[in-house]
Amino acid sequence: MPIEFTLVQKIAIWALPVIFAITIHEAAHGYAARALGDRTAAMLGRVSLNPLRHIDPVGTVLVPGILLLLGGFLFGWAKPVPVDFRNLRHPRRDMALVALAGPLSNAAMALLWGLLLKFAAPAAAAGEGLWIGLSNMAVAGIVINLILMVLNLLPLPPLDGGRVLTGLVPESLARWLDRIEPYGIFVLFGLLFFGLLGAIMGPGLRLAGQLVFSLLGMPDPGLFNRY
């Protein structure tokens with residue numbers, strides 16, 4: 001029988017996974033940029049795993065909290081890490097690598113939460129209270145990280161996938177993508193408002209979930225079957 005959680009319990013389960021998923025995603029951009037020649041984020045103290053350096057009160061706390069309360073499609077954002085692509089050794093190629101670092105960090109975190117779930121699930125099934133909480137937190141960590149990974153890989157500027165695409169296509173098309181970047185966020189919120197974002201991401205989410213549980217040697221619980 002499914003466990004019904006109070007709002008306070010839901011917040012306790014989701015808070016750490018959401019904060020770390022969003023902030024480490026941004027930190028990964030900073031680490032990648034520094035490794036590839038741009039120290040802008042480092043000079044501003046943003047190359048750090050300290051969530052306090054990356055938290056955006058609206059995108060990291062308020063928006064995910066409201067979506068969690070409403071039971072809707074959960075996502076959020078942190079303060080963007082500043083990157084001056086002119087400082088990169090190979091600007092177009094390295095821009096794509098810096099962008100890709102964020103989603104890759106979410107993939108790694110999903111696997112780490114999956115490992116926690118693998119060890120916590122047997123104890124949780126035996127009814128041990130602490131492990132029930134950790135098991136549900138691990139599931140939340142897998143869900144939010146795979147959502148952020150797939151969302152950010154959409155080929156829409158200013159998402160990471162859009163920046164990766166910009167780094168791969170011919171320069172004339174890259175300039176066109178740069179021009180539409182200021183409008184991409186409105187397209188994204190439009191898709192969310194009309195309930196299309198989950199449908200677009202659904203196949204990618206289901207595939208990512210299957211891959212994570214396959215790598216961990218666990219049966220796929222179908223976390224994204226509703227999308």
Side-chain angles (χ1 to χ4, degrees), residues 14-61 63-64 74-117 137-138 140-168 177 181 184-185 188 201 204-205 207-209 211-212 215-216:
W14 283 87
L16 284 180
V18 168
I19 288 172
F20 283 116
I22 294 172
T23 59
I24 292 177
H25 175 107
E26 290 300 330
H29 290 313
Y31 281 108
R34 185 178 66 180
L36 294 169
D38 178 47
R39 296 190 56 82
T40 304
M43 290 186 294
L44 295 173
R46 297 294 305 282
V47 181
S48 170
L49 295 178
N50 180 357
L52 296 178
R53 295 184 181 272
H54 305 286
I55 285 176
D56 179 286
V58 175
T60 317
V61 180
V63 169
L74 188 65
F75 79 107
W77 62 89
K79 293 185 292 186
V81 166
V83 178
D84 188 340
F85 295 112
R86 295 170 297 181
N87 294 332
L88 299 172
R89 299 186 189 98
H90 305 281
R92 295 193 66 225
R93 184 203 69 183
D94 292 350
M95 175 179 68
L97 293 175
V98 170
L100 195 58
L104 287 178
S105 74
N106 291 124
M109 283 186 281
L111 285 170
L112 289 174
W113 284 112
L115 284 173
L116 174 60
L117 178 63
M137 184 178 288
I142 295 169
V143 169
I144 187 60
N145 276 288
L146 292 185
I147 285 177
L148 286 179
M149 182 189 75
V150 174
L151 173 66
N152 277 283
L153 287 176
L154 294 178
L156 174 68
L159 297 176
D160 295 329
R163 296 189 186 279
V164 171
L165 182 63
T166 300
L168 296 176
L177 289 170
E181 181 171 328
I185 193 66
L188 181 65
M201 293 174 55
L205 287 171
L207 179 61
L211 182 58
V212 165
L215 289 172
L216 293 169

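Everything numeric in this text was worked out from a predicted model, so none of it was measured.
- Of the possible polar contacts, none joining the Arg93 side chain to the Gly167 backbone as a donor-acceptor pair under 3.5 Å is found.
- Taking all atoms of both residues into account, the shortest heavy-atom contact from Leu49 to Ala27 is CD2-CB, 4.2 Å.
- Nearest heavy-atom pair across Arg89 and Gly37 is NH1-N, 3.9 Å.
- Residue Met137 holds its CE atom at 5.0 Å from CG of Leu16, rounded to the nearest 0.5 Å.
- Between the CG atom in Asn106 and the CD1 atom in Ile142 there is a gap of 13.0 Å [rounded to 0.5 Å].
- Leu153 CG to Leu100 CG: the interatomic distance, rounded to the nearest 0.5 Å, is 7.0 Å.
- Listed here is the closest heavy atom pair of Trp113 and Ala138: O-CB, 3.4 Å.
- Remark: side-chain polar atoms of Asp38 are paired, donor with acceptor, to backbone N or O of Asp84 under 3.5 angstrom.
- Atoms CG and CG, from Leu216 and Leu211 in turn, are 9.5 Å apart once rounded to the nearest 0.5 Å.
- In this structure the side chain of His29 reaches within 4.5 angstrom of the side chain of Asp160, judged on heavy atoms.
- In terms of heavy-atom proximity, Met201 sits nearest to Ile147 at CE-O, 3.4 Å.
- Taking CG from Leu52 and CD1 from Ile19, the interatomic distance works out to 8.5 Å, rounded to the nearest 0.5 Å.
- Across Met149 and Ala107, no two heavy atoms sit closer than the pair SD-CB, 3.6 Å.
- Put simply, the side chain of Arg163 reaches to within 4.5 Å of the side chain of Pro158, judged on heavy atoms.
- In this structure, His54 contributes its side chain and Ser48 its backbone to a donor-acceptor pair below 3.5 Å.
- Annotation: side-chain contact (heavy atoms from CB on, under 4.5 Å) contacts of Leu44 (sequence neighbours excluded): Thr40, Arg46, Pro82.
- Taken to the nearest 0.5 Å, the CE atom of Met109 stands 9.5 Å off from the CD1 atom of Ile22.
- Across Ala21 and Ile144, no two heavy atoms sit closer than the pair CB-CG2, 3.9 Å.
- The closest side-chain heavy-atom distance from Leu151 to Leu188 is below 4.5 Å.
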